Amino acid sequence: MSGRAPSRLQRLRDRWLARRLPAATSVQLTQRSIFIVPTTVGMAFLVALLLMLLAAINYRNSLAYAMTFLLASVFAVTLLHTWRNMAGLRLQAGRTRPVFCGERAHPWVRLESGGRTHQAVALGWPGQTFELADVPARGACEVELTLSTTRRGWLRPPRLRVESRFPLGLFVAWSWVDLDLAVLVYPWPVADELPLQDGSRGDEEGRHLRGAGADDYQGLSPWQPGVSRRRLHWKAYSRGQGLLVKEFAAVAGRDLMLDYEALGGDAESRLSRLCHWVQTLTEQHTAFGLRLPGRNIAPAQGRDHADACLRALALHGVAERPTAARP
Amino acid sequence: MTVALQGIPRNTLVWLLVAQVLVIVPHLTHLPLWIVALWLGCVAWRLRIFRMQANYPPSWVKAVIILAAGSGVYLSRGGLVGLDAGVVLLIAAFILKLLEMRTRRDALVVIFLGFFTVVTSYLFEDGLVAGTYSLLPVLALLAAMIGLQQSRLFSRPWPALRLAGSLLLQALPLMVVLFLFFPRLAPLWSVPTSAPRQTVGLSEQMAPGDIVELSRSAELAFRASFTGQVPPRDRLYWRAATFERFDGRRWSQSVASRLPVAPQWSPAGEPVHYSVVMEPSRRPWLYTLDVPNVTGADAQLMPDFHVQRPTPVDAPLMYRATSWPEALRQPTATPDTLARALELPERGNPRSRAWALELRRDSVDSEALVAALLTHFNREPYGYTLRPPPVGDQIVDDFLFETRQGFCIHFAGAMTFVLRAAGIPARIVIGYQGGEFNPAGNYLTVRQLDAHAWVEYWVAGRGWVSVDPTFQVAPERIELGLVEALPQERELFDETSEALLRYRHIGWLNDLRLGWESLNYGWQRWVLGYQDEEQAGLFQRLFGSTDWRIPGLVLVGALAVGLAILALLLLKPWRREKDVQLALYQSFEQALARQGVRRQPGEGPQAFAARAARRLPEHADGILAFARCYEAARYADAPVSARELAASVKRLRRELPWRKGRSTLAE
């Protein structure tokens, strides 16, 4: 998230938080995990109260004293209300759909009430706009967060900040929760020549799948990342039907094998191109296999197969499990 | 679900507009009319902005409006400084800020300005009604503040108001603690006060007509509470000042009586203890019974036995006093004092002077002369009226020998003149006589129509002796009060006293009125009058000392206890049965995480337990037992107590081997 290296202070804070609020898929906010301080608005409110107090003293006006004290008491009571608005709130990580590198990931977090209503609870990571949600009493709601992705593999976002300023905005109560959120980030698909290998290795001739537009036109399907722009149906787009791509008949013949070794270029670019073809071939309902150094996936077709291939591509050469390290 | 935190929610706008009405209404009595026009214009514009029918004003329009408002204040208030102008400026800012309120921060500025404006309204009006009323604008302002925090741009306005109300209610006990124990400081610097309102009351010099005018007003002069028995009416002579100078037409205060030289006197008889809350009079005098010892209020006894303080009474003032009605006053007086009390114009009123000498001849001493004079007033056909017939240049002669109709000041003036002409030092005392006893609050209400004038004369050895010629003419004035004494002249009284007179005989209505007045008096005494002395008195009674440290500790302690009680009431920790289950489940999760089995996102308890049991077959029984127990307790509402669940997870934790390295999960 943050490009800067964490400062010493931040590291200390993270270590302390890790001890105090360990990672869990479900976290309930309790007095151990909620912090609360006055906001800038709260400070301004106190300054205003001080001015009122001065007026009360100088005019020896009992009602001005009373109003100052009433508002000061409201300030104190708001502390409890803001705290209560957070206490008992339960956060649960939802499943996050994998995304292609560069896309925004949208992890879901489920907020469950601990019995009372929680109003205007804000969730997010520092440096971005927070999402606001109201949790009904004894109910729950789901919040979709946004994360930008910069590289493939497991994206383990930093601690999530949950905060609330309700009811008056004079105090902010917050917590840093580690919900064990993890997003699988696939490589960004890049269109290129097919790194084709026959099912039987050694067949020199190989087979190049011809470029788009050569086969029988089949119909339209929604655009997905990685599909060549050349196949976009611009007419449909101009009609306002959204991004559609022209579908063509699958190439008949023997099973295809996408081979990492058959490609040139650096590792990331190879993976990106492989990713593109996994997408394309899956759309064309073509069976294919994937060969990565140290990993072979037998030819098959279908969404599950594609997911397995993409997962293998995403995790090639990086940690198999999400690690707690900051991204 | 929204992300935008910039726009101003409808809720806030609605409550802000309501709050503006409520904030400005109490100020209307001292606001120029154009402010109202400005306000209506701004509200209309703002509503059009909200409906996207109009734009925010461009900066040149704003500049013009601000300049116009500023010059408006200057023209209508004669300047930009001072309390009145300051308040008008504050309200103008409060109104104009509405037009350029774009962000939530702007809305907060308007809300804070609103709180200030509410506080300034107390400087003009601080009665029970005004004080209670001011909770309404505060309520609306808090609701507007809540609206700013709500997550939806369009939510219903009532929940915000309800929440604001509960915030205020919960804040009240804390406020009372702060109000009682927060130290009252002396003013840090002098502040501008509002321009003097036109008040009726006694003044430094009075022609007979003035006090008649005063007698038509039922406006409150002061209220007095006595410790113990209230003295009988005919002893309730409240001194304000004395008139020693006579120029042939009017009586006025002498300069010497305003010099702070305490006269000589010695207490005698039973003292009377009382406290007085007086209304602003624009005069420095305090009203007291003879001879007073006043505590607080910087009061000082003056040479003519009236009490005054250095500055005029511009705000309600409370003081305590002890009086000795039978005290001996100046048994030996200085020649200066006596000379002042004998001074007469060189000429005028020859018949009165001649009659004085005649009386002097016929009487053995001063007392006999005074008695003869009083008998004269009693026997001769003198009349007590608020409509005295006009008199000529020789006002004493005309009154004594021609018209014989007059008011207290006429009798007191004529008697003083005759006494002086006969060589007896005498002067007029002005003040109030009697008052209305309020049984609901056990105190005395004295109104302007109780204004009175009487006479005191000096006898060597006895000092000053008070005497009331009006009593000889109209004893009912002293015994019953003015309104009862002049039933045939009721059309002269103003509306209030008219109503007072009419409804005094309707029992329940009169009780209601007395109850309401008593409530107001309590408010004035215990709320408005609660300043440093009252506070010190309370501390003295509660803690037996006025040392600041004890009340300070009590303040902090009471606040802490109050907040703790409130926290308990708000958070209701005893309703956490379900949360205990969750905490136990988390403990279960942690125990398994230590063994390397972590719950996956979205994995249900059942599935997780099954997976964990597969991974740790030797503990499968314990894991599955806990999972069953948990499911039953949480989802089936089975009678599984939290204790059973706790025992189950404890058993499991004890069973599992302790793995070092992930000690961060230790409880």
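From a predicted model like this one, the values you see are computed outputs, not experimental measurements. Letters go in sequence order (proteins before strands), and every chain restarts at 1.
Using a 4.5 Å cut-off between heavy atoms, B:Trp526 does not touch chain A at all. The parts of B:Leu142 that come within reach of chain A are both its backbone and its side chain, each placing non-hydrogen atoms under 4.5 angstrom from that chain. Contacts between A:Leu71 and chain B at a heavy-atom distance below 4.5 Å involve the side chain alone, from C-beta outward. Neither the backbone nor the side chain of B:Tyr585 comes within less than 4.5 Å of any heavy atom in chain A. Looking at B:Ser134, both its backbone and its side chain come within 4.5 Å of chain A, counting heavy atoms on both sides. Using a 4.5 Å cut-off between heavy atoms, A:Phe45 contacts chain B through both its backbone and its side chain. Using a 4.5 Å cut-off between heavy atoms, A:Arg90 contacts chain B through its side chain alone, with no backbone atom that close. If you measure heavy-atom distances from A:Leu170 to chain B, the contacts under 4.5 Å come from the side chain alone. Contact annotation for A:Leu123: neither backbone nor side-chain heavy atoms come within less than 4.5 Å of a heavy atom of chain B. Looking at B:Arg184, both its backbone and its side chain come within 4.5 Å of chain A, counting heavy atoms on both sides. Both the backbone and the side chain of A:Ala44 come within less than 4.5 Å of a heavy atom of chain B.
The closest donor-acceptor contact from the side chain of B:Gln170 to the backbone of A:Val77 lies at 3.5 Å or more, if one exists at all. Side-chain N or O atoms of A:Arg60 include none that pairs as donor or acceptor with a backbone N or O of B:Gln531 at under 3.5 Å. Between the side chain of A:Asn58 and the backbone N or O of B:Leu188, at least one donor-acceptor pair lies under 3.5 Å. Proximity of a side-chain donor or acceptor of A:Asn61 to a complementary backbone N or O of B:Tyr122 within less than 3.5 Å is detected.
A pairwise comparison of heavy atoms in B:Leu83 and A:Tyr59 identifies CD1-OH, 3.4 Å as the closest pair. Of all the heavy atoms in B:Val118 and A:Met67, the pair that sits closest is CG1-CE, 4.1 Å.
If you tally non-hydrogen atom pairs under 4.5 Å between each of B:Glu589, B:Met175, B:Met145 and chain A, the highest count goes to B:Met175. Heavy-atom pairs under 4.5 Å with chain A peak, among B:Ile146, B:Val177, B:Val527, B:Val176, at B:Ile146.
The aromatic rings of B:Phe182 and A:Tyr65 sit tilted relative to each other, their planes meeting at an angle between 30° and 60°.
Within a 6.0 Å sphere centred on CZ of A:Arg303, other residues, nucleotides and ligands contribute more than 12 heavy atoms.
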